Amino acid sequence: MLMSEFDFDPWSLEPYGGMWILLMSVVLLVIAVALSRMRSLGLEKDMAIASIRGGIQIMAMGFLLYALFGLEDLLLWTVVIAFIATMVVVGTYTSAKRAKGLPDPARATFWGLALATLITLGAMLGLRVLPMRPEFVIPIAGMVVGNSMNATSLSLNRLLAETRGFRSRIEARMLLGADAETSLRPHVRSAVRSSLIPTLDSLKTLGIVFIPGGMTGMLMGGVDPIWAAQYQLVIFFMILCSGAIATVVSTTLATKQLTKDGVTLVDLPEEDEE
Amino acid sequence: MTKGHVHKLEITELSLELGGRTILEDISLDVHHGETVCILGGSGAGKSMLLRTIVRLHEPTKGRILLDGEPVTAMDPSTLRRRVSLVQQSPAMLEGTVEENIRFGLELVGAGPEVIRERIDASLKAASLDESFLGRRAEKLSGGERQRVAIARAHALCPEVFLLDEPTAALDPRRTMEVERAIQSLKGDADFMMIIVTHDVEQARRLGDRTVLMRRGRIVAEGDSGSLIEDLDPEERARYMGELACMEHEDKEGDVDE
Ligand SMILES: Nc1ncnc2c1ncn2[C@@H]1O[C@H](COP(=O)(O)OP(=O)(O)OP(=O)(O)O)[C@@H](O)[C@H]1O
Ligand SMILES: [Mg+2]
């Protein structure tokens, strides 16, 4: 397996062992909860629930991968694909929640995520950047889907907010003879731009302000740091590319939904809290 | 840019429902070439919605709107909106300068620099604005100035039908006179058809060849601009005058908001 030098025992209660580190890191959680309590942020419950939920999910993922890596080829790849499809579907609905008000938000987010994942992973596998091995494909697919999901949520949320806020200006463009899509274009543009800015900022400060999780893992796994750096850069390009695809596709579909047959702008229900 | 002209705008039994509410009900109205029709009515009567429906910002639930016999729903929306120009009540400015606001529609139809120049000059004049406005940021203008920019940018496209929604509501008396004069001169041009929403009976009398009175989404009276209100039965007339008083009150509150 990849991390051959990894000889820590997941079940050990000795220092540095799997059970030990889980128990000890609860200290960090306690600090966060205490801060929330002190400043009345009201996030204690959320923090506890998120930790338990996230913990169960990531552990389940760990066990699944553990089981997976022992499977026969055909079955293995069937499961890998099912795995990625599940990520896309979960991402679709998570992101769709940020686009409430669209007639069919899941449709916009699904095609964005699906195409972004397919094209980015496909290209990297085809160009022999990414080895055809589940221990590479699954975590990287996870990063691609996860980041695309965030970008899609940001862009659709922004697009809807601008459509609400600039409704009369959008209509003014339509009244001067612009079709509905042209009238929305400046807002689509700012929605896509704003959703890619966090990724761009991370890329700009890569290695200085932060060393991403992927590289951290590789370094800990004992991989050559130079190769780890090269690979991290590749991952960032994938994130940028898939984010661009996901947001362009989903905002394009959202634009279609916002303009009934390209004639009128749909009535958007009032925005709720978020 | 050359333009044709519309001979007849025909609205038949038009109804509009939005979110389960009836906004317009059974509206029938014909407007002919060269004619100016004023729409009077209290706040919420559906005046703005009627104009918006004509240019398909809303799809009617029932009824038809014909432009020289052709249903507007069969027309390309951009073409329709260039031929029938709606200047909204408190119109939104586009980003950038006044000049960019006027250029926007002209550039969409691929007008050349000379035509654009010429149209800008003509439409500034029509909206009683002067050259000094061209470089100013449209969003920073006062309500009345914005109103005139909206008239100018619509006029620049040489529409065949002009729909003006309370074109002088935000103007002081002097500007009102200027815009009215501009509207008069458009009328003098006679190649126009106009529907003007107003809540000023006197303005309707000055500008309209004919006036219709709306209440609760319906047309309740139609007639000669000079005598429509006088001809109403006393009860209807009292109700209308009451609504008018409310509306002026609301306008004042609206000014404070801005
Ligand atoms: N998008 C919408 N959805 C549902 N109802 C609407 C919508 N826009 C306007 N209305 C309602 O339609 C009715 C008619 O509104 P409209 O703006 O046409 O009134 P108006 O006669 O122009 O009044 P005012 O003189 O105040 O401008 C109002 O009751 C208004 O609340
Ligand atoms: Mg109105």
Side-chain angles (χ1 to χ4, degrees), chain A residues 99-105 155 158-197 251-272, chain B residues 16 18-21 23 48 51-60 72-96 100-111 138-139 146 149-150 152-159 162-163 165:
Chain A
K100 272 189 215 145
L102 274 184
D104 190 358
S155 66
R158 173 74 173 257
L159 179 61
L160 286 174
E162 292 217 356
T163 306
R164 286 188 176 96
F166 290 101
R167 189 179 185 95
S168 52
R169 181 181 282 184
I170 296 166
E171 280 182 356
R173 293 194 191 97
M174 287 164 54
L175 291 174
L176 291 170
D179 58 47
E181 209 183 308
T182 310
S183 306
L184 273 166
R185 195 168 296 147
H187 307 288
V188 173
R189 186 168 167 268
S190 85
V192 171
R193 282 177 62 96
S194 71
S195 67
L196 294 180
I197 282 173
T251 53
T252 303
L253 293 176
T255 305
K256 293 238 157 65
Q257 294 182 24
L258 284 170
T259 66
K260 272 185 231 148
D261 314 318
V263 180
T264 57
L265 215 50
V266 297
D267 254 326
L268 287 172
E270 285 304 305
E271 201 171 7
D272 24 59
Chain B
L16 173 71
L18 280 180
R21 278 190 57 209
I23 310 282
S48 298
L51 297 195
R52 289 167 58 86
T53 308
I54 295 175
V55 291
R56 294 182 71 189
L57 287 181
H58 303 283
E59 296 289 337
V72 294
T73 44
M75 295 169 65
D76 167 60
S78 297
T79 312
L80 168 69
R81 288 164 189 157
R82 281 186 200 113
R83 292 180 65 192
V84 182
S85 193
L86 167 60
V87 176
Q88 299 232 64
Q89 191 172 1
S90 31
M93 294 292 99
L94 307 185
E95 55 283 89
E100 285 170 281
N101 269 264
I102 304 178
R103 279 174 171 274
F104 181 83
L106 291 167
E107 280 168 1
L108 280 174
V109 291
E139 285 159 281
R146 279 188 244 168
V149 171
R153 72 185 178 193
H155 179 271
L157 298 176
C158 302
F162 234 130
L163 310 177
D165 196 351

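Per chain, numbering begins at 1; letters A, B, ... match sequence-line order. On a predicted model such as this, the values are computed, not experimentally measured, just so you know.
Interface remark: B/R52 contributes side-chain atoms only to the contact with chain A (heavy atom separation under 4.5 Å). Residue contact with chain A, scored on non-hydrogen atoms closer than 4.5 Å, involves the backbone and the side chain of B/L94 alike. Using a 4.5 Å cut-off between heavy atoms, B/N101 touches chain A through its backbone atoms (N, CA, C, O) alone.
Annotation: A/R189, atom CZ; neighbour count of heavy atoms from other residues, nucleotides and ligands within 6.0 Å does not exceed 12.
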- Query: What do the steps show when you test A/L176 against B/R81 for side chain to side chain contact (heavy atoms under 4.5 Å, CB included), and what is the final call?
  - Reply: CA-CA 7 Å; A/L176 291 170; B/R81 288 164 189 157; over 6 Å; no

- Could you go through the salt bridge (Lys or Arg N to Asp or Glu O under 4.0 Å) check for A/R173 and B/E95 one step at a time? CA-CA 11 Å; A/R173 293 194 191 97; B/E95 55 283 89; 2.9 Å; yes

- Candidate pair B/L57 and A/L265, rule side chain to side chain contact (heavy atoms under 4.5 Å, CB included), full reasoning: CA-CA 7 Å; B/L57 287 181; A/L265 215 50; over 6 Å; no

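Residue B/S78 comes nearest to A/A178 through the heavy atom pair OG-C, 3.8 Å, listed as atom of the first residue, atom of the second, then distance. Across all their heavy atoms, B/R56 and A/T264 have their closest contact at O-CG2, 2.7 Å. A pairwise comparison of heavy atoms in A/G262 and B/P77 identifies O-CG, 4.1 Å as the closest pair.
A 4.5 Å side-chain heavy-atom check between A/K260 and B/E59 finds every atom pair outside the cut-off.
In this structure, CG in B/L108 is found 6.5 Å from OG1 in A/T182, a value given to the nearest 0.5 Å. With rounding to the nearest 0.5 angstrom, the CD atom of B/Q89 is 12.0 Å from the OG atom of A/S168.
For the pair A/R169 and B/E139, the salt-bridge criterion is met [side-chain N within less than 4.0 Å of a carboxylate O].
Exactly one residue among B/L86, B/L157, B/V87, B/L163 makes a side chain to side chain contact (heavy atoms under 4.5 Å, CB included) with A/L175. That residue is B/L86.
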